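Labels below follow one simple rule: chain letters A, B, ... track the order of the sequence lines, proteins then strands, and each chain is numbered from 1. Keep in mind the model is a prediction, meaning the values are calculated, not measured.
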Amino acid sequence: MFALIDGNNFYCSCERVYRPELKQQPIIVLSNNDGCVISRSSEAKDIGIKMGVPYFQIQHLIQQRKLTVFSSNYELYADLSRRMMNTIASLVPAIEIYSIDECFADLHNLNNLHQLGHNIRNRIQQWVGIPTCVGIAPTRTLAKFCNHLAKRHRHHFNGVIVWTDWNSNIQQRALASTPVNEIWGIGHRIGQKLAAQGIHTALDFINAHTPTLRKQFGVVLERTQREMQGLPCSELIINEASRQHIVRSRSFGNIITSLDGLQAAISHHISAGAAKLRQQNSHAHIISVFIYTNRFRHDQSQYNGYQSIKLPQPSADTLTLNHIAQNLLRNIYRPGYEYKKCGIELSGIEPAQTFQQQDLLYPNQHNHRTKLMSAWDNITSRYGRNSIQLGSELQSNHWHMTRAQLSPCYTTQFLEILTI
DNA sequence: TCTGGGGTCCTAGGACCC
DNA sequence: TCTGGGGTCCTAGGACCC
């Protein structure tokens, strides 16, 4: 058996932990640059605020309704997430952290799952202050499904649903009342294609002809169907896998036209990406750089620049990677455009300790840099991410994000600790 | 005026090998 | 007229997730 535990409206709930007066109030959290809505309290949903709408389109609601708005504070959310996961881990044999706000738990050979579900919920509420819902079922997809139902009917089920506690009659009713595109793994596109064939509900889906599904949509959807039927096709992934792609990108707070501004941003992203590579003890073979103009401005000419290069030797060295990235940037930069976003991608990632083919013409010149990079990592882990920066990062701060409604980092910054 | 960021997996097809 | 069989690796693109 598996459980799926997930924080309700997670970012909003995090903001409320240290602002208890906002319970029962409509609140929202915005994406980077205060762009659009990415988390809503249930009261905010009730007044009609949709997921993903641009902030500027709902500013009238804010004046009318006393809506409270937050810029996203990932430092706070990541710390509360860590506490939530540790709390869950203290109650079950193993967990798989699936995203910042949810995890799967292994419940094999445990009894009284309903009570366990409530214990998990209550302990997270008490220790961390985040409300959650719990779905428990024989497969991960069904656990997601139960969690979904527990959220939808939170007051009826008190946040916990155990699939196997239901008789088949109730199970069928639950399946029949859920649109097929609310199943985990069925998105917009496949949902539409299924609907065109008369498969509208989760019940239709589990009764659909399996070989036909397989032929049309492939093995992924077949597995989803099997899991919905109660046949496990996936297990918990306990060890955090290393990333195979690392992307760092940002929209700018302001428009950037100059190469300088882009160079500063690219240096910053490279520095973050390279640190991530080293953190997972890996090297990248391929480095890409991209720059975009604002795709929403139909009145302006658009330009998307992208260039990628394969390195002779894989690297996790900030200086080497930045040097190459800056060359790529110079290649794709075109003056005269208003740039809105840029970023980097590191791919072709492999573990650092594997044998590396040496370059015949340029024998390994990076060894002496390894010590420099580990000193770098030690300093930043002790004094903070920005305690060391590349000089080129400091050429311009024009690209930094807008975060006008940022809450304090209550749990991670001494100067911002809550005082009464 | 103002519209986020970061991932995964699978498949099909081409180039190439013996 | 008739043109093998079995494989690997890589890439691009599509679908999905939070």
Side-chain angles (χ1 to χ4, degrees), chain A residues 4-11 28-39 50-60 62 69-74 77-78 81 96-104 140-141 144 147-148 180-194 213-224 227 233-234 237 240-255 265 269 272-273 276 280 285-286 288 290 292-300 306 308 310 338 340-349 401-405:
Chain A
L4 188 276
I5 304 114
D6 148 308
N8 302 341
N9 315 323
F10 186 69
Y11 298 165
I28 57 171
V29 174
L30 302 174
S31 64
N32 283 330
N33 269 319
D34 294 345
C36 43
V37 177
I38 56 169
S39 182
K50 299 274 181 258
M51 191 66 169
V53 295
Y55 179 40
F56 71 87
Q57 287 177 7
I58 55 162
Q59 275 178 338
H60 61 283
I62 289 148
V69 179
F70 292 93
S71 302
S72 39
N73 182 346
Y74 286 102
Y77 311 151
S81 170
E96 171 192 343
I97 296 173
Y98 180 69
S99 74
I100 192 166
D101 71 330
E102 66 188 288
C103 74
F104 289 99
R140 291 173 5 134
T141 307
K144 282 284 273 191
N147 176 278
H148 181 73
V180 69
N181 60 355
E182 290 178 18
I183 294 172
W184 185 43
I186 299 181
H188 177 66
R189 298 288 169 87
I190 291 177
Q192 273 183 340
K193 287 180 188 162
L194 290 173
L213 282 185
R214 165 74 183 239
K215 191 151 178 271
Q216 283 188 306
F217 301 101
V219 65
V220 182
L221 201 69
E222 181 183 348
R223 284 205 284 253
T224 299
E227 289 234 325
C233 301
S234 64
I237 303 165
E240 195 187 347
S242 286
R243 299 290 175 219
Q244 298 178 41
H245 298 268
I246 293 170
V247 175
R248 288 291 180 274
S249 71
R250 282 284 179 278
S251 297
F252 308 130
N254 301 299
I255 291 297
H269 295 321
K276 177 72 184 174
Q280 61 177 32
H285 256 296
I286 299 169
S288 317
F290 51 88
Y292 299 151
T293 50
N294 187 346
R295 64 196 165 100
F296 294 102
R297 291 292 299 269
H298 300 300
D299 56 327
Q300 291 180 343
Y306 173 88
S308 186
K310 187 159 186 178
E338 298 195 340
K340 180 60 181 169
K341 180 172 180 171
C342 76
I344 61 108
E345 178 179 7
L346 302 170
S347 49
I349 292 175
M401 286 190 282
T402 310
R403 292 199 291 177
Q405 315 288 339

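The residue among A/F217 and A/I38 whose nearest nucleotide of DNA chain B lies closer to the 5′ end is A/I38. Judged by closest nucleotide on DNA chain B, A/K341 is the one of A/V219 and A/K341 placed further toward the 5' end.
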All N/O contacts under 3.5 Å from nucleotides 9-15 of chain C to the protein, with atom names and distances to one decimal?
| residue | atom | partner | partner atom | Å |
| --- | --- | --- | --- | --- |
| C/dA15 | OP2 | A/R189 | NH1 | 2.6 |

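Among the protein residues, A/Q57 comes within range of no part of the nucleic acid, since none of its heavy atoms lies under 4.0 Å from any strand. When heavy atoms are screened at a 4.0 angstrom cut-off, A/Q59 is found touching no nucleic acid atom at all. Note on A/I237: nothing from the nucleic acid sits closer than 4.0 angstrom, heavy atoms only. Backbone-only contact: A/N294 has heavy atoms under 4.0 Å from sugar-phosphate atoms and none from a base. At a threshold of 4.0 angstrom between heavy atoms, the contacts of A/L30 with the nucleic acid are absent. Within 4.0 Å (heavy atoms only), A/F296 reaches at least one base atom of the nucleic acid. In this structure, A/V53 reaches neither bases nor backbone, as no heavy-atom distance under 4.0 Å exists between it and the strands shown.
What separates CD1 of A/I246 from P of B/dG6 is a distance of 11 Å, to the nearest Å. To the nearest angstrom, P of B/dG7 lies 9 Å from CD of A/Q280. Nucleotide C/dC18 holds its C1' atom 9 Å from the CE atom of A/M51, rounded to whole Å. Distance, A/E182 CD to C/dC17 C1': 15 Å, rounded to whole Å. For the pair A/R140 CZ and C/dC16 C1', the interatomic distance rounds to 14 Å; values are reported in whole Å. Regarding A/K144, its NZ atom lies at a distance of 8 Å from the C1' atom of C/dC17, rounded to whole Å. Rounded to an integer number of Å, the gap from CZ of A/R223 to P of B/dT8 is 16 Å. As rounded to whole Å, 11 Å separates atom P of B/dG5 from atom OH of A/Y292.
Of the side-chain N and O atoms in A/S72, none sit less than 4.0 angstrom from OP1 or OP2 of B/dG4. The phosphate of B/dC2 has neither OP1 nor OP2 within less than 4.0 Å of any side-chain N or O from A/K340.
The side chain of A/S99 lies closest to C/dC18, out of B/dG5, B/dG4, C/dC18. Ranking B/dG6, C/dC18, B/dG4 by closeness to the A/V247 side chain, first place goes to B/dG6. Among the nucleotides B/dG4, C/dC18, B/dT3, the one closest to any side-chain atom of A/R295 is B/dG4. Minimum atom distance to the side chain of A/R297 is reached by B/dC2, of the listed B/dG4, B/dC2, B/dG6.
Formation of a donor-acceptor pair under 3.5 Å by the A/S72 side chain with backbone atoms of A/L30 is found in this model. For the pair A/S71 (side chain) and A/A404 (backbone), a donor-acceptor distance under 3.5 Å is present.
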Start with the C-alpha gap between A/R297 and A/E338, add the side-chain angles, then the distance that decides, and say whether salt bridge (charged side-chain N to carboxylate O under 4.0 Å, His left out) holds.
-> CA-CA 10 Å; A/R297 291 292 299 269; A/E338 298 195 340; 5.0 Å; no
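Rounding to the nearest 0.5 angstrom, the gap separating the NE2 atom in A/H269 from the SG atom in A/C342 is 4.0 Å. Taking CD of A/E345 as the reference point, atom CD1 of A/I286 lies at 8.5 Å (rounded to 0.5 Å).
Using cut-offs of 30° and 60° for the angle between ring planes, the A/Y11 and A/Y77 rings count as parallel. The aromatic rings of A/Y98 and A/W184 stand perpendicular to each other, their planes meeting at an angle above 60°, with 30° marking the opposite boundary.
Of all the heavy atoms in A/S249 and A/K341, the pair that sits closest is OG-CE, 3.7 Å.
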